[in-house]
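Heads up, the thing below is written out as structure tokens.
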Number of protein chains: 2
Amino acid sequence: MAVTIRDVAEASGVHVSTVSRAFSAPHLVNPETRTRVLAIAEDLGYRPNRAARALTTGRTHNIGLIVADIANPFFPPLIKAAQAQARLRDYHVFVADTDEDPQVEEDLIQTFTKQVDGVLLCSPRLTNRTIERLREEVPFVVVNRRAKGMPTVLMDVGRGARMAIEHLTALGHRRLALVTGPSGSWTSKEMQEAAAATSEVDVVFLGPNPPTELGGLAAATDVVASGATGVLAYNDLVAIGLIEGLAERGKEVPGDISVIGVDDIVPGRLSRPKLTTIAMPTAAAGRIAVDLLLQSVDSAATAAATMLETALIVRESTGKAHR
Amino acid sequence: MAVTIRDVAEASGVHVSTVSRAFSAPHLVNPETRTRVLAIAEDLGYRPNRAARALTTGRTHNIGLIVADIANPFFPPLIKAAQAQARLRDYHVFVADTDEDPQVEEDLIQTFTKQVDGVLLCSPRLTNRTIERLREEVPFVVVNRRAKGMPTVLMDVGRGARMAIEHLTALGHRRLALVTGPSGSWTSKEMQEAAAATSEVDVVFLGPNPPTELGGLAAATDVVASGATGVLAYNDLVAIGLIEGLAERGKEVPGDISVIGVDDIVPGRLSRPKLTTIAMPTAAAGRIAVDLLLQSVDSAATAAATMLETALIVRESTGKAHR
DNA sequence: TACTTTAGTGCAATCGTTTGTATCGCTGTC
DNA sequence: GACAGCGATACAAACGATTGCACTAAAGTA
């Protein structure tokens, strides 16, 4: 069916090994032979079979990227940065979405095994035990979650949460709400810990919630009931949904209630009011994760955790507390 | 390194072919042997090497999905539906993003070749010639673009555009603007044709624009300058950006200008004003595309085009023309 | 001239599976 | 009692590449 290396060899009157080398070890073959072989290959429309190549070399030159939810605008910048970085290193990225389902996630890792050289696990919802186990099957780098003994890229959302709380406190808010995310989420846990460590103001915890606009929309009732005047939402999507939900209940943002999101996604910059948020260095995380992964693919894995800085971006969804 | 079928064979005292059949042709092996082999395989942590399997069977049980821009909320529902449908058929979906770059797109198709059984090409920006050529390398289904001679899934955006124009006309608007998308976009072309066929009202064409919020934001100046009171935007992102841009120029929506988007993405349902839009059956498109692809993988390709219906959803961004 | 290098190429094993065919020991049939 | 039929398993040839090694001929060295 498809044209193989053998066809090229026959057409050019050389051995398959010469054709192979014409592509992957040019210095070992006579320049003339090489150009002739390449020309014929081009002519015949030869494409190396990457699966076959992977079988002998043990390298696919692919990396897998697993995210919890492709629909979450948090991920695309990370994905794009990872893709760009991989391309620089002559690698390709295959993305898959788990739909926030740990079972699907595990299944996907199994599928990726042997089809990619390593996996970028973004915001995994798996248990630590499972991650530990799967690690034997394929090298990976974990992003956005603490995982002992393996390379990890983190964003300092704890510090971000502290800055957010300080910001709200400085504006005079005395009762805050934290709208938490999914239960398996490391980010959510970090935020909760940061909030729990606050002594100056009261913080109530509301959740877990789906990390989506609808999750925020649904949380509005509880937020109003909590009596909080300042809210830190799990992410910008939740914040946007929440603001909408609050509006439906007659609460203005930031007039009645201040809201802070996390991620600094584009929609948040265009919503009204423009969202005050904790910016996450997602693109940098994607780039670094790829580098760490490729590094740990052909040398020993560095088990270090890289922590990236976050920043509070004050826009229009936070204001002075009235009281 | 990794445990292979040979290790399992040796450990269980049978031939590799028996182990292979224990997995893929259970009825050909003694039930006792089978359970023993499976147990030992489990014990050893054996995972079939899918690349090796693909080499002999010619089936990877993967499908590739190529989109122009993962960050565009239009795609996730399509991707998720495709993934779900593929899972039903025991297939996995690998997603890749072209960043709207035809060169990257072609490159990705090459990479997918032999690593997937077929490719879903969503909103491709390639030329027809190139698509035609690449078709020989790997079967694919084209989504959201007309492509002769190969299976195609389309959404009737032309009819949607006509409904949108009728809606605006009925509201009394007499001068409309069409904010077009990228030049390679089939959707954009369809909309332009539909608009050009309108005789009742004036339509000015503004573009091409990037299919993003920023594209819409930037188009606001031209829209104001055009004197149009009704606008059909290339998609919801553009519409949202446009509404923001109009606001910055003191134009209220729908008070001064009515805006209609395309896609019916979630952010549009939560923005203020809630967006009037043309809903695209993206999830259905994803499902159908997967079925068509798998169908054309193991039988002859049906070159038919499937056209799915769109619907106008009237929300708050359109209103009566004042004059 | 004889010997070592070296460049260029061919040979064949290998990667981990699948799968068509051969083998073998039974059972059942006439 | 010879043989067909069959269930269960082994053998070996693929699949499409890569790669260590062997070989040849020409070039370099003393």
Side-chain angles (χ1 to χ4, degrees), chain A residues 1-38 40-41 44-62 110-117 137-138 298, chain B residues 1-38 40-41 44-62 110-117 137-138 298:
Chain A
M1 203 82 247
V3 26
T4 76
I5 203 175
R6 199 171 317 265
D7 301 324
V8 178
E10 278 168 19
S12 32
V14 298
H15 196 261
V16 288
S17 55
T18 303
V19 177
S20 173
R21 282 189 265 259
F23 283 97
S24 44
H27 59 283
L28 288 182
V29 20
N30 186 318
E32 278 178 32
T33 321
R34 172 150 190 266
T35 46
R36 186 161 48 86
V37 166
L38 292 190
I40 291 180
L44 266 47
Y46 167 70
R47 306 280 169 222
N49 183 324
R50 309 183 94 231
R53 175 179 292 175
L55 197 54
T56 43
T57 61
R59 283 279 171 281
T60 61
H61 270 244
N62 297 141
Q110 304 278 14
T111 304
F112 269 140
T113 300
K114 295 294 168 196
Q115 310 208 65
V116 302
D117 295 343
E137 315 220 344
V138 56
D298 41 29
Chain B
M1 206 79 249
V3 25
T4 75
I5 205 177
R6 200 172 316 264
D7 300 324
V8 178
E10 277 168 21
S12 32
V14 298
H15 196 262
V16 288
S17 57
T18 304
V19 178
S20 173
R21 282 190 259 261
F23 282 97
S24 45
H27 59 283
L28 288 181
V29 21
N30 186 317
E32 279 178 33
T33 320
R34 172 152 192 268
T35 47
R36 188 161 47 86
V37 166
L38 293 189
I40 291 180
L44 265 46
Y46 167 69
R47 305 280 171 222
N49 183 324
R50 309 184 91 229
R53 174 179 292 175
L55 196 53
T56 43
T57 61
R59 284 277 172 281
T60 62
H61 270 245
N62 297 142
Q110 304 279 13
T111 304
F112 269 139
T113 300
K114 294 294 168 194
Q115 311 209 66
V116 303
D117 296 341
E137 315 220 344
V138 55
D298 41 31

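Letters go in sequence order (proteins before strands), and every chain restarts at 1.
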_A:R6, CZ atom: more than 12 neighbouring heavy atoms under 6.0 Å_ = no
Rounded to whole Å, please give me the gap between [atom1] in [X] and [atom2] in [N].
X	N	atom1	atom2	value
B:Y46	C:dT18	OH	P	6 Å
B:R53	D:dG16	CZ	C1'	18 Å
B:I5	C:dT19	CD1	P	11 Å
A:R59	D:dT18	CZ	C1'	14 Å
A:E32	C:dT9	CD	P	9 Å
A:H61	D:dT18	NE2	C1'	13 Å

*Note the angle between the end axes of the helix from C:dT1-D:dA30 to C:dC30-D:dG1, five pairs defining each, rounded to 10 degrees.*
60°
*Heavy atoms under 4.0 Å, any strand shown: does B:F23 hit a base, just sugar-phosphate, or nothing?*
nothing
*Under 4.0 angstrom, heavy atoms only, what part of the nucleic acid is A:R47 near: base, sugar-phosphate, or nothing?*
sugar-phosphate
*Specify the closest pair of heavy atoms between B:D7 and B:A2, including all atoms of both residues, with the distance to one decimal.*
OD2-O, 3.9 Å
_Restricting to non-hydrogen atoms, name the atom on A:N49 and the atom on B:K114 that form the minimum distance, rounded to 0.1 Å._
ND2-CD, 3.5 Å
*Do A:R34 and A:V37 touch side chain to side chain, with heavy atoms closer than 4.5 Å?*
no
_Side-chain heavy atoms of A:R47 within contact of B:Q110, under 4.5 Å_ = yes
_Residue from B:V8, B:T33, B:L38 passing side-chain contact (heavy atoms from CB on, under 4.5 Å) with B:V19_ = B:V8
*asked:* Can you build the contact string for nucleotides 8-15 of chain D? Use B for base contact, S for sugar-phosphate-only contact, and - for no protein heavy atom under 4.0 Å.
replied: SBBBB-BB
*Donor-acceptor pair, B:R36 side chain versus B:S12 backbone, under 3.5 Å?*
yes
*Give the intermediate values and the outcome of side-chain contact (heavy atoms from CB on, under 4.5 Å) for residues B:R50 and A:T111.*
CA-CA 8 Å; B:R50 309 184 91 229; A:T111 304; 3.1 Å; yes
*asked:* Determine whether B:V16 and B:T4 satisfy the following criterion, side-chain contact (heavy atoms from CB on, under 4.5 Å), listing intermediate values before the conclusion.
replied: CA-CA 10 Å; B:V16 288; B:T4 75; over 6 Å; no
